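Encoded as structure tokens, the structure appears first; notes follow it.
Note that this is a predicted model, so its numbers are computed, not measured. Position 1 is the first residue of the sequence; numbering continues from there.
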Amino acid sequence: MRPIPRRSLVDEAIEQLREQIDDGSWPVGHRLPAEARLAEELGMSRASVREATRALVHAGLLSSRQGDGTFVIATDESDVALRRQLGAAEVVEVIEVRRGLDIAAARAAALRRTDGDLDRLAGILQRRRRAAEEGDEAAFVRADVDFHVGLADASHNRTLREMYRSFSAVIGSTVELSDCRVPGSIELSHDHEDLLDVVRAQDHSAAVRAALRILDTQESAVRNRERD
């Protein structure tokens, strides 16, 4: 019996990973199991799993973050095309698009949020605050993006949630860190906490206004930076 070519094993691993993404077992934002565990679950060698993972990173469905692991960032190639197109957009253009999405997310979240949604959002803001205190800009941006994605999740509108998750890859470009007064220091405003407060109170009109204030502040900072 001839041995199965290595490439066939990699193809099979890619197919199995894609199935986990396609059927929703691994949604956008999900972190994949560690390589050794994943190889055991798939019944394949770590080398085959490693190559399959690299292929899906190259395809844009997965993202490998140093020290954090590998995450699902898209569910199909159309999401990838959207992210790549948005990735080339100007920051102000991204903010303009965010206005429509953030208004819808804030309003719907205020109307439909659950206690579980509120707990998750509060936990993300604690992580964001801790990153600011530690001057960890990368962690701060991740937490900021996670909060807005979590707000879209709290809308309980599947279409809005998926649109926002696809868009989340470029949201980080609009998170303005010009308040870093000195290296390793981030001056934190309370605009996101204010937004969570009115979502908790189920005041959808105030939630919309709070979401827009965040974007107005970011756009103003970006335009001021361009003039400097």
Q. Going through the distances and angles, do L62 and I21 end up as a side-chain contact (heavy atoms from CB on, under 4.5 Å)?
A. CA-CA 10 Å; L62 301 178; I21 296 172; 4.0 Å; yes

Q: With the side chain counted from C-beta on, respond yes when Q16 and E41 share a heavy-atom pair under 4.5 Å apart, and no when they do not.
A: no

Q) What's the spacing between I103 CD1 and H204 NE2 if we round to 0.5 Å? A) 13.5 Å

Q) Considering residues, nucleotides and ligands other than R99, do more than 12 of their heavy atoms fall under 6.0 Å from its CZ? A) yes

Q. Closest heavy-atom contact between A55 and I14?
A. CB-CD1, 3.7 Å

Q. What are the two closest heavy atoms between G69 and R31, and how far apart are they?
A. CA-CD, 4.3 Å

Q: State plainly whether one hydrophobic cluster holds both W26 and M44, where clusters connect Ile, Leu, Val, Met, Phe, Trp and Tyr through side-chain heavy atoms under 4.5 angstrom apart.
A: yes

Q. Counting N and O atoms only, with roles assigned by atom type, does the side chain of R113 sit under 3.5 Å from a partner on the main chain of S155, one being a donor and the other an acceptor?
A. no

Q.
Hydrophobic clusters here meaning ILVMFWY residues chained together by side-chain heavy-atom distances under 4.5 Å, can you tell me if L195 and L118 are in one?
A. yes

(Q) Looking at every non-hydrogen atom in both residues, tell me the closest pair between A52 and L17 and how far apart they are. (A) CB-CD1, 3.8 Å

Q | Nearest heavy-atom neighbours spanning A206 and V198 | A | CB-CG1, 3.7 Å

(Q) Side chains of D194 and I214, heavy atoms from C-beta outward: is any pair under 4.5 Å? (A) no

Q.
Is it the case that over 12 heavy atoms from other parts of the model lie below 6.0 angstrom from the CG atom of D115?
A. no

Q) Which heavy atom in S63 sits nearest to a heavy atom in V57, and how many Å separate them? A) N-CG2, 4.4 Å

Q | Worked check of side-chain contact (heavy atoms from CB on, under 4.5 Å) between Q202 and L111 | A | CA-CA 6 Å; Q202 295 190 295; L111 293 172; 6.0 Å; no

Q) Looking only at heavy atoms, which two atoms of R112 and N157 are closest? And how far apart? A) NH1-CB, 3.9 Å

Q: Identify whether V208 and F147 are in the same connected component of the hydrophobic contact network (ILVMFWY, side-chain heavy atoms under 4.5 Å).
A: no

Q: Determine whether H148 and L101 make a side-chain contact, defined as any pair of heavy atoms from C-beta on separated by less than 4.5 Å.
A: no

Q: Kindly indicate whether the side chain of L32, heavy atoms from C-beta on, has any atom under 4.5 Å from the side chain of F71.
A: no

Q. Can you tell me how far CZ of R213 sits from CG of D191, rounded to the nearest 0.5 angstrom?
A. 8.5 Å

**Q.** Sole residue of R120, R128, R127 in side-chain hydrogen bond (donor to acceptor under 3.5 Å, both in side chains) with D146
**A.** R127

Q. With side chains defined as the heavy atoms from C-beta onward, is the minimum distance between L42 and E12 less than 4.5 Å?
A. no

Q | Between Y164 and D102: side-chain donor-acceptor atoms closer than 3.5 Å | A | yes

Q: For the residue pair R130 and E134, establish whether any side-chain heavy-atom pair is separated by less than 4.5 Å.
A: yes

Q: Establish whether M163 and V149 are linked, either directly or via other cluster members, by ILVMFWY side-chain heavy-atom contacts under 4.5 Å.
A: yes

Q) Any side-chain donor-acceptor pair under 3.5 Å between S48 and S45? A) yes

Q) Are any non-hydrogen side-chain atoms of E93 and V97 less than 4.5 angstrom apart? A) no

Q: Would you sort out whether L125 and L121 count as a side-chain contact (heavy atoms from CB on, under 4.5 Å), showing the intermediate values?
A: CA-CA 6 Å; L125 288 185; L121 290 168; 5.8 Å; no

Q.
If I take atom CZ from residue R54 and atom OG1 from residue T70, how far apart are they, to the nearest 0.5 angstrom?
A. 10.5 Å

(Q) Just checking E40: does its CD atom have more than 12 heavy atoms from other residues, nucleotides or ligands closer to it than 6.0 angstrom? (A) no

Q) Taking L61 as the fixed residue, which of L56, T53, D22 is the one that meets the side-chain contact (heavy atoms from CB on, under 4.5 Å) rule? A) L56

**Q.** Under 3.5 Å: donor-acceptor pair, side chain of S220, backbone of D216
**A.** no

Q. Do H30 and Q20 have side chains that get closer than 4.5 Å, going by heavy atoms?
A. no

